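Single-structure report; data block below.
The model shown is predicted, which means the values in this text are computed figures rather than measured ones. Chain letters run A, B, ... following the sequence lines, proteins first, then strands; residues in each count from 1.
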Amino acid sequence: MSIPKIRVRNLKKYFGTKKVLDGVDLDVAQGTGLVVIGGSGSGKSVLIKSILGLVTPDSGVIEIDGVDVLKAPRAQARALREQIGMLFQNGALFDSLPVWENVAFGLLAEKKIARRFARAKAIEVLAQVGLADNVADLSPSELSGGMQKRVALARAIASEPAIMFFDEPTTGLDPIMGAVIDELIVDCVKRLGSTSIAITHDMASAVRIGDAAAMLYDGKITWTGPAAELLTTTNPLVDQFTHGRSEGPIKMALRR
Amino acid sequence: MNAVLNLIAHIGAAVLNALGLVGELAIFAGTGIFAMIRPPYYPRMIGRALMEVGYFSLPVVSLTALFTGMVLALQSYTGFSRFNAESAIASVVILSVTRELGPVLAGLMVSGRAGAAMAAELGTMRVTDQIDALSTLSTEPMQYLVAPRLIAGIIAMPLLVAIADILGVMGGFLVAWLKLGFNPHTYLVNSFTNLRTDDVVSGLIKAAVFGFIIALMGCFNGYRSKGGAQGVGAATTSAVVSASILILAVDYILTQLLFTK
C-alpha cells in the first residue's frame with residue numbers, strides 16, 4: 001500500500017457561520033485522475049483552493065506526498081505545492097502579457113529557463129495543445145474562449161507538474177470544444193504521468209477525464225467510486241445529480 | 001429599549017468593522033514594505049509602474065501646477081495690494097507651491113489617475129482569478145504586483161513634484177510679469193532670496209510619502225475587491241477617496257513634524 005499522492009482528512013472550512021467544507025476525506029492515488037462533482041456553491045473550488053494554499057482551512061489535514069502542508073514549514077509546503085499546475089475556470093490568463101509570456105510565466109518565475117529561450121519553449125508547449133505559433137504574440141483578449149482555455153492549459157502544463165488541478169475545464173465551451181479540451185487534458189496528464197483532480201458538473205466530461213469520482217454534498221464527500229459508475233450508481237444523491245432531476249434528496253438552496 | 005440596543009449594536013458593528021479594516025491595512029502595508037525589500041525584484045514591473053505613475057501623470061500634474069501658480073499670484077495680488085505688500089507675492093507663491101500645494105495637489109491628481117488605475121487593474125485581476133493564478137505559478141503576488149507599484153509611487157512622486165514646483169513658480173512668475181506688470185528680474189530675485197533648501201526638501205519628502213499612500217491604497221483596495229464589475233468599481237472609488245483623505249491628513253501631520261522644531 002503506497003502513500004497516496006494527495007490525502008485529505010477531516011478538512012473543515014467555515015465562512016462566518018456558513019459551513020462550506022465540513023470534514024472532507026479524500027485520497028488520490030499516484031498517477032490517477034479524480035473528478036469531484038457537486039452542485040454550485042458546494043465547496044468544490046474551496047477544496048482545491050485549500051490544497052493549493054489559496055484558502056486557509058480552519059482545521060484538518062492535507063498531505064501531499066505524505067507531508068501535511070498545513071503543518072510543514074513554509075518553504076517545504078511551498079515546494080510541495082510548486083508541483084501543482086492549475087487550470088482556472090475562466091483561464092485567468094494575464095491580460096497584460098502576450099500569449100507566449102503567459103505560457104512561459106511559471107518557467108521564468110522558477111528560473112528554469114532563460115528569457116531569450118522562453119518564447120521558443122512557449123511555442124513548443126502551445127503546439128502540444130494544438131495551437132500554432134502565430135498565436136504566441138497575440139494578447140489573450142484576442143482569442144476565443146476555446147483558445148483561451150488551450151492557452152491556459154498550456155500555461156498549466158508548461159512546467160510539467162506532477163499534480164494537475166482542473167476547475168470546470170469545459171464550462172462555457174460548446175460540447176465539441178469541451179470534448180477537445182477533455183482529450184487534451186487526458187493526453188497531457190497521461191504524457192506527464194500526473195496525478196489530477198478535476199472539478200466539474202459536466203457528466204460527459206467527468207466520465208472522460210476521471211478514473212475515480214467523488215461527490216461533494218453538504219460539505220462532505222458522500223460517494224466515491226469509479227468514474228465510469230457515475231451514471232449507473234444507485235446512490236440517490238449521485239443519481240439525482242448526474243441525471244439532473246429537480247426532485248430528489250438534494251434540495252437546492254435557492255437563497256443563501 | 002430595543003431600538004436603543006439596536007442603535008448601539010449598529011454603532012458597535014461599524015466600529016469593529018472599521019478597526020478590522022485598519023488592522024487589515026496595517027498588515028497589508030507591512031507585507032508590502034517587506035516585499036519591497038526582499039528579493040525577487042521585478043525591474044520590468046517597476047519600470048511599467050514608473051511609466052504609469054510618473055510619466056503618464058506628467059501632463060495632468062504640470063497643468064495643475066501651472067494654473068495653481070498663476071491663480072496664486074493673481075489672488076495674492078488682490079489681497080496684498082490692499083496694504084502695499086506686493087513685493088511679498090513672489091515669496092508667497094514660491095513657498096506655497098514648494099511646501100504645500102505642489103505635493104498636495106500632485107498627490108490628489110495622481111491618486112485620481114494612477115491610484116484609481118491600480119485599484120481597477122488589481123481588482124480585475126482579483127475577480128478573474130489572475131492573482132490566484134500568480135500564486136500557482138510560483139510567483140508571490142505581493143512581490144510581483146504590489147511591491148513594484150509601491151516603489152514606483154515612492155520614486156515617481158518626488159520627481160513629479162519637483163517638476164510641479166518649477167511649473168507652479170513659473171505660472172506665478174508669468175502672471176506677475178505679463179498680467180500684473182511686475183519687473184521680471186525683481187520678481188525672480190524676490191522669489192529665491194527667501195527660499196530655503198528645506199522648503200523644497202520638505203515638499204519632496206511629503207511627495208514620497210504621498211506616493212506610498214497612493215500606491216498602497218490603490219493596491220489594497222484592488223487586492224481585496226470582490227464581486228465582479230461592481231466590486232471593482234467600488235474598489236476604485238474607495239482607493240481614490242481614501243488616498244485623498246489620507247494625503248490631506250498626513251500632510252498636516254508631516255507639516256507639523258517637519259516645520260515645528
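- Here the side chains of B:T128 and A:N90 are not in contact, with every heavy-atom distance at 4.5 Å or above.
- Between chain A and the residues B:D129, B:T139, B:D132, the most heavy-atom pairs under 4.5 angstrom are made by B:D132.
- Counting heavy-atom neighbours within 6.0 Å of A:R119 CZ, excluding the residue itself, gives a total above 12.
- For A:L107, no part sits under 4.5 Å from any heavy atom of chain B, backbone or side chain.
- By the 6.0 Å contact criterion, CZ on B:F67 is open, its count of non-hydrogen atoms from other residues, nucleotides or ligands being 12 or less.
- A:E101 CD to B:R44 CZ: the interatomic distance, rounded to the nearest 0.5 Å, is 6.5 Å.
- B:E121 CD to A:D95 CG: the interatomic distance, rounded to the nearest 0.5 Å, is 7.5 Å.
- Counting heavy-atom pairs under 4.5 Å between each of A:M86, A:R115, A:R78, A:E110 and chain B puts A:R115 at the top.
- Annotation for B:Q230: atom CD does not count as buried by contact number, only 12 or fewer foreign heavy atoms lying within 6.0 Å.
- Side-chain contact check for A:F105 versus B:L134: some heavy-atom pair is nearer than 4.5 Å.
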Does A:L54 form a side chain to side chain contact (heavy atoms under 4.5 Å, CB included) with B:S135? I'd like the steps, not just the answer. CA-CA 8 Å; A:L54 299 173; B:S135 312; 3.6 Å; yes
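- The distance between the ring centers of B:Y144 and A:F94 does not fall below 6.0 angstrom.
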Does the pair B:T136 and A:L52 meet the rule for a side chain to side chain contact (heavy atoms under 4.5 Å, CB included), with working shown? CA-CA 7 Å; B:T136 67; A:L52 276 167; 3.9 Å; yes
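- Both the backbone and the side chain of B:S138 have a heavy atom closer than 4.5 Å to some heavy atom of chain A.
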Going through the checks in order, is the side chain to side chain contact (heavy atoms under 4.5 Å, CB included) test met by A:S96 and B:R48? CA-CA 11 Å; A:S96 58; B:R48 219 194 101 196; 3.9 Å; yes
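- By the neighbour-count criterion of 12 heavy atoms within 6.0 Å, atom CZ of B:F34 is sparsely surrounded, having that number or fewer from other residues, nucleotides or ligands.
- Proximity to chain A (any heavy atom under 4.5 Å) is shown, for B:Q143, by neither the backbone nor the side chain.
- If you measure heavy-atom distances from A:R155 to chain B, the contacts under 4.5 Å come from both the backbone and the side chain.
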